[in-house]
Chemist: 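To start, I am sharing the structure in question, which I have written as structure tokens.
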Protein chains: 2
Amino acid sequence: MDETQWLSADERAAWLRLVAVVELLPGVLDGQLRRTSGLTHFEYLVMAMLSEAPERVMRMTALAQCTNATLPRLSHVVRRLEERGLVERRPCPDDGRATDAHLTADGWETVVAAAPGHVETVRRHVLDPLTPTQVQRLHEIGDALLRELDPGGRLAVLYDPDPRA
Amino acid sequence: MDETQWLSADERAAWLRLVAVVELLPGVLDGQLRRTSGLTHFEYLVMAMLSEAPERVMRMTALAQCTNATLPRLSHVVRRLEERGLVERRPCPDDGRATDAHLTADGWETVVAAAPGHVETVRRHVLDPLTPTQVQRLHEIGDALLRELDPGGRLAVLYDPDPRA
DNA sequence: GGGTGATGGTTGAAACTACAACCATTCAGG
DNA sequence: CCTGAATGGTTGTAGTTTCAACCATCACCC
């Protein structure tokens, strides 16, 4: 009757720690960015992706994929960012249906100003507690997990500087 | 002027993969539970914690801490679970201010029914892609991170079966 | 050319979360 | 006792995310 293959003690321990990290980390990042820059972690992610794109422009769909957001969610967030003057929306010249999101000068400066504090937070809470060997292992483990979690490579731009075709 | 200590290539790679995992994993877990059990991942977490507590009872505050929720959030979620008959709230006999959350028989059956599919998802997306060695390393890395992310040990009940005083 | 289906994106309503104000009870001191 | 402060929870409101419905444009094909 009960065909489920339950977890071994080792698996369970590793899994529960990962759950706890996944549960806690977003709050830490979000809180720091909110306090020091008035940005959500997701808003920061959107603007950071734009800031690294050629011309600081991206199509809404591409931006949604590489930030792991649904299109409606991105649309709302970009509208709010536009109202704050950090992003601009323009119809895409190549495709009448599409919309291009531009990072404005103000937006660029906001990202640049937010980055150091964000990096500092990441260093203190994630990198510093780990030995260099553990950092290397985390890299490998992340690769293995992402092959399953992100088979289409939608977030590849985030973690892979040069995704193959 | 720019005192920020930026990330090395290795650190950056490991970090970005962790971000991607943290971004993707909740959606995978949440989606599976929603489809097969009509439960949010957070609702499942709440009921799972109750199901493992003595008498399947917990004080609201304790439940909020071990699920990493604010008290208002937990209060709302428990009210909705109560409306569905999965949880019951009773005034705590020991402290007139406090409220005890009980898992009902229906709630217990719901958790038991949801668990196999959840475990199966965890196995497929997290444990199976890793070698036994990597599982062991993930365990160690998780420990190191949680010492920083959860210094008070609020989530310790989640990942540590026997937290020391 | 004119359907037809698929793609790109926006909008509005409902569900959920965070924040702040609030009530009730407990505890400590006088 | 009685007051004031702290603890335990709930409620209301505002902001965010999700979901479904919708409009416009493109691509294919007859």
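Heavy-atom basis, side chains included; hydrogens, waters and symmetry copies ignored. Chain letters run A, B, ... following the sequence lines, proteins first and then strands; every chain starts at 1.
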Chemist: What integer distance in Å separates A:Asp30:CG from D:dT16:P?
Modeler: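 After rounding, the reported distance stands at 11 Å.
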Chemist: Whole angstroms only, please: what is the CG-P distance between A:Leu81 and D:dG15?
Modeler: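 Taking atom P of D:dG15 as the reference, CG of A:Leu81 is at 16 Å.
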Chemist: Please list, by residue number, the residues of residues 89-99 of chain B whose heavy atoms come closer than 4.0 Å to an atom of DNA chain C; answer none if no residue qualifies.
Modeler: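 Within this stretch, B:Asp95, B:Gly96, B:Arg97 sit under 4.0 Å of the strand.
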Chemist: Separation of A:Glu43 atom CD from D:dT16 atom C1', in whole Å?
Modeler: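 Value for this atom pair: 10 Å.
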Chemist: Does some side-chain heavy atom of A:Leu138 sit less than 4.5 Å from a side-chain heavy atom of A:Gln134?
Modeler: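 Not in contact.
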Chemist: Can you tell me how far C1' of C:dC16 sits from CZ of B:Arg79, to the nearest Å?
Modeler: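 For the pair B:Arg79 CZ and C:dC16 C1', the rounded distance is 11 Å.
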Chemist: Quick one: is D:dT17 close enough that its OP1 or OP2 comes under 4.0 Å of any side-chain N or O from A:Arg80?
Modeler: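 Looking at the OP1 and OP2 atoms of D:dT17, one of them is under 4.0 Å from a side-chain N or O of A:Arg80.
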Chemist: Can you tell me how far P of C:dA15 sits from CG of B:Leu39, to the nearest Å?
Modeler: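 B:Leu39 atom CG is separated from C:dA15 atom P by 17 Å.
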Chemist: Compare the minimum distances between each of C:dG8, D:dG9, D:dT17 and the side chain of A:Arg59, then state the nucleotide with the smallest one.
Modeler: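 When the side chain of A:Arg59 is considered, C:dG8 is the closest of C:dG8, D:dG9, D:dT17.
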Chemist: Once you round it to whole Å, what is the distance between P of D:dT16 and CD of A:Glu83?
Modeler: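 Atom-to-atom, A:Glu83 to D:dT16, this comes out as 10 Å.
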Chemist: Which of these nucleotides, D:dG9, C:dT17, C:dT10, is closest to any side-chain atom of B:Thr61?
Modeler: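 Comparing D:dG9, C:dT17, C:dT10 against the side chain of B:Thr61, the answer is D:dG9.
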Chemist: Above 12 or not: heavy atoms from other molecules or residues under 6.0 Å from CZ of A:Arg12?
Modeler: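 Counting neighbours around CZ of A:Arg12, 12 or fewer heavy atoms of other residues, nucleotides or ligands fall under 6.0 Å, so no.
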Chemist: Is there a side-chain contact between B:Asp10 and A:Gln136 in this structure, where contact means two heavy atoms from C-beta onward sitting under 4.5 Å apart?
Modeler: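 Answer yes - side chains close enough.
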Chemist: Within the supplied structure, the quantity of interest is the number of heavy atoms (other residues, nucleotides, ligands) at a distance under 6.0 Å from A:Arg123 CZ; does it exceed 12?
Modeler: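 Yes, enclosed.
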Chemist: Are A:Asp143 and B:Arg17 within salt-bridge range, i.e. N to O under 4.0 Å?
Modeler: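 Yes, this pair counts.
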Chemist: For the pair made of CZ in B:Phe42 and C1' in C:dA15, what is the distance, rounded to whole Å?
Modeler: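 Rounding to the nearest Å, CZ of B:Phe42 and C1' of C:dA15 are 15 Å apart.
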Chemist: Is there a side-chain contact between A:Ser75 and the phosphate of C:dT10, meaning an N or O under 4.0 Å from OP1 or OP2?
Modeler: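 Yes.
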Chemist: Rounded to whole angstroms, how far apart are NE2 on B:His76 and P on D:dT10?
Modeler: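 From B:His76 NE2 to D:dT10 P: 10 Å.
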Chemist: So, B:Asp30 and B:Arg34, do they make that salt bridge, N to O below 4.0 Å?
Modeler: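 Between B:Arg34 and B:Asp30 there is a salt bridge, with a charged N closer than 4.0 Å to a carboxylate O.
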Chemist: For B:Ala101 versus B:Met60, what's the shortest heavy-atom pair and its separation?
Modeler: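 In terms of heavy atoms, the two residues are closest at CB-SD, 4.2 Å.
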Chemist: Closest-nucleotide mapping onto DNA chain C: is B:Arg34 or A:Arg34 further toward the 5' terminus? I mean the 5' end.
Modeler: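 Of the two residues, B:Arg34 wins.
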